[in-house]
S.K.: 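This is the structure I want to talk about, given as C-alpha cells.
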Protein chains: 2
Amino acid sequence: MNFLNSSRRRSESAVDRVADALRTGLMTRRFAPGQRLIEADLTEEFQVSRGTLRQAFSRLESDGLIDIVPNRGAIVRQMSQRDVLELFQIRSELEGLAARLAASRMSDPAVKARFKADIAAIWEEQPRVDGGRYLDENSGFHQAILVAADNQQLASICGQFHLHMIMGQVGRALGGEAMARSVEEHRHIADAILECDPDRADRLMREHLLRALQLSQA
Amino acid sequence: MNFLNSSRRRSESAVDRVADALRTGLMTRRFAPGQRLIEADLTEEFQVSRGTLRQAFSRLESDGLIDIVPNRGAIVRQMSQRDVLELFQIRSELEGLAARLAASRMSDPAVKARFKADIAAIWEEQPRVDGGRYLDENSGFHQAILVAADNQQLASICGQFHLHMIMGQVGRALGGEAMARSVEEHRHIADAILECDPDRADRLMREHLLRALQLSQA
DNA sequence: CTAGCAAAATTGTTCGACAATACTGTTCGA
DNA sequence: TCGAACAGTATTGTCGAACAATTTTGCTAG
C-alpha cells in the first residue's frame, strides 16, 4: 500500500522518522486502539531520546491519531461509531468540493490529460480480486481528483482524513461485489469530471462516499 | 491538523501554556509572518526548557501556524493570497454543512432554545461601531451554529480555520457598512436555521462567506 | 566592495536527573 | 473473606547541560 511506505529522504529528521514509523504502526494495527505507548519502550526501539519521541507524539496528537492524557502519556485513539459518522459527513463535503473543482478545471487540456493519465487504472477490465490493489486504486483515484482540483489546503486536509478512515478500518473487508460497484462509481465520477460537469461530479462523489459509509456500518 | 481532539485538557501543562501563548502572539501579530522564532529568546521569556518549547513548536506546526525548516527552526507561516482563497473555499463548504446540520436539528425544542439563546446578541438594534465587539459577535454566531450542528469533528476543524483566517488578517479593518451588512446576513441565516430550512441556511451561509472573501480581497 | 574564512549563534539531539502522578501488590482490620 | 490504607514501583512532565552539525554574522584580505 503506497500510503504506508515512507520515502527515506536524506535530510529526514529523527522526529520525522519516528512520527512516520508510529503512523505506520498505528495504521497497521501494530498499536491497537486504547493501547498506551510507553516512552521507554519506544525510545529503546527507535533509538532516540525521550525529547525526540515526545515531539513525535505531539505531532501525532495534533493529527488526532493519539491522545495525550496528562501523566498517563500517549494513548492510541479509538474512534467511536459517532466519530466515523461525523468524519464521513465532513469528508463528503470536502471530496465533493474536490470533484467539483476538478470538473471545472477540465477545460484546460493539460490538466485534463494529466487527470486522464492519473486515473488510467480505473478503466482496466479485469475484476478486482486483490483487496490491496483495490485500495491502491481507490487511493490513487481520490488523489488524482485532488491534484486536478489544484487546492493544496484541500489536498492536505483530505490526506489527513484518509489516514483516519484507514485507522477506523473503514473499507477493509470489502466483498468482491462491493469493490466492483465502487469501481463502477469511480468511472461515473470520472466521466462527470471529464465532461466538465461540476454539479454532477459533486453529487456522484457524495453518493459514492455515502455508499461507502453504509457498507462500513453494515 | 487537530480534527479529532475536541476535549480540552483542563490540566494546564507547560506545553499547553506555551503553545497557547504562541498562538496568541501569532494572532496578535506580535510575531510577524516570516519571522524566526528563536528558541533561546522564548525559553527565556516563558521560563521553560527547550524540550518543552520544541513540543509546543511541533504542535503549532501540525496546526499549520508555523513552518519548521531543518536547521533554521520555527518560522511564522505567511499565508499567500492563494492560501487564503483556498481556505475560504473549504471553509464555505464546512460552515455551509454546519448551517445545514443546525437547521435540520431545530425540530428539537431544546436545541432550538439553546441556539436562540446563543445568538441573542445578533438581534440587538444599535449599530456595530466597535470592531472588536463585532468580531466577538461574529465569532459567537458561527460558534453557536457549530454547537447546534452537534458535530464535534466539524467544530474542531472549523476552529482551526478560524485561527487561520485571523492569521490572514481577513476580517480586520471592516467598514461600518460592511459590518452592518454582515449582521444583516447573520440574521437571515439565523432565520433559515430557525425555520428548519437546511438548504436555504446552507446557501445563505455560503453567500455570506463568499461576500466576506470579496471584502477581504478588496 | 566583494570573496572567503573564522567566530558566534542557532538548531537537532542526547543524556541524566528530579518531582509529580498513576499503577500495583500487600498487609491489616473488620 | 473483603475491602481499605499503604508503600513501592512504573511512568510521565520537565529541567539543565552537553555536543555536533549547520547557519548566520563579522571581519579581513585582496
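Keep in mind that this is a model prediction, so the values were computed, not measured. Order of the sequence lines sets the chain letters (A, B, ...), proteins ahead of strands, with each chain counted from 1.
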S.K.: Using a heavy-atom cut-off of 4.0 Å across all strands, would you classify Leu53(B) as base, sugar-phosphate, or nothing?
M.R.: nothing
S.K.: Does Thr52(B) put a side-chain nitrogen or oxygen below 4.0 Å from OP1 or OP2 of dG13(D)?
M.R.: no
S.K.: Going from CD1 on Ile119(B) to CD1 on Ile193(B), what distance comes out if it is rounded to the nearest 0.5 angstrom?
M.R.: 7.0 Å
S.K.: Using Watson-Crick or G-U wobble geometry with both distances below 3.5 Å, tell me the partner of dA30(C), or none.
M.R.: dT1(D)
S.K.: Quick check on dT14(C): is either OP1 or OP2 less than 4.0 Å from any side-chain nitrogen or oxygen of Arg50(A)?
M.R.: no
S.K.: Using atom CG of Asp41(A) as one end and atom C1' of dA10(D) as the other, report the distance to the nearest whole Å.
M.R.: 11 Å
S.K.: For a quick check of understanding: with a heavy-atom distance under 4.0 Å over all strands, which category does Val18(A) fall into, base, sugar-phosphate or nothing?
M.R.: nothing
S.K.: Could you tell me the separation between the CD atom of Glu44(A) and the C1' atom of dT11(D), rounded to a whole number of Å?
M.R.: 16 Å
S.K.: If you check every side-chain atom of Ala14(A), which of dT13(C), dT21(C), dT23(D) has the closest atom?
M.R.: dT13(C)
S.K.: What is the ring orientation for His142(B) with His208(B), classed by angle as parallel under 30°, tilted 30 to 60°, or perpendicular over 60°?
M.R.: parallel
S.K.: Tell me the interatomic distance from Leu42(B), atom CG, to dC15(D), atom C1', rounded to whole angstroms.
M.R.: 17 Å
S.K.: State whether the side chain of Arg105(B) and the backbone N or O of Val111(B) hold a donor-acceptor pair below 3.5 Å, judged by distance alone.
M.R.: no
S.K.: Atom CD of Gln55(B) and atom P of dT12(D): how far apart are they, to the nearest Å?
M.R.: 12 Å
S.K.: Let me know the distance between CZ of Arg54(A) and P of dG12(C), rounded to the nearest Å.
M.R.: 18 Å
S.K.: Go through the N and O atoms of the side chain of Arg36(B) and the base of dT24(D), and report whether any donor-acceptor pair is under 3.5 Å.
M.R.: no
S.K.: If only atom types and distance count, is the side chain of Asp118(B) paired as donor or acceptor with the main-chain N or O of Phe115(B) below 3.5 Å?
M.R.: no
S.K.: Considering heavy-atom distances to DNA chain C, does Gly51(A) or Arg72(A) have its closest nucleotide positioned more toward the 5' end?
M.R.: Gly51(A)
S.K.: Using whole Å, what does the distance between atom C1' of nucleotide dT11(C) and atom CD of Glu61(B) come to?
M.R.: 14 Å
S.K.: Just compare dT13(C), dG13(D), dG12(C) and give me whichever is closest to any side-chain atom of Glu39(A).
M.R.: dG13(D)
S.K.: Given dG12(C), dG13(D), dT11(D), identify the nucleotide with an atom nearest to the side chain of Ile38(A).
M.R.: dT11(D)
S.K.: Whole angstroms only, please: what is the CG-P distance between Asn71(B) and dA20(D)?
M.R.: 16 Å
S.K.: Between atom CD1 in Ile68(B) and atom P in dG12(C), what is the gap in whole Å?
M.R.: 7 Å
S.K.: Measure across Glu39(B) and Phe57(B) and return the closest heavy-atom pair with its distance rounded to 0.1 Å.
M.R.: CG-CE1, 3.9 Å
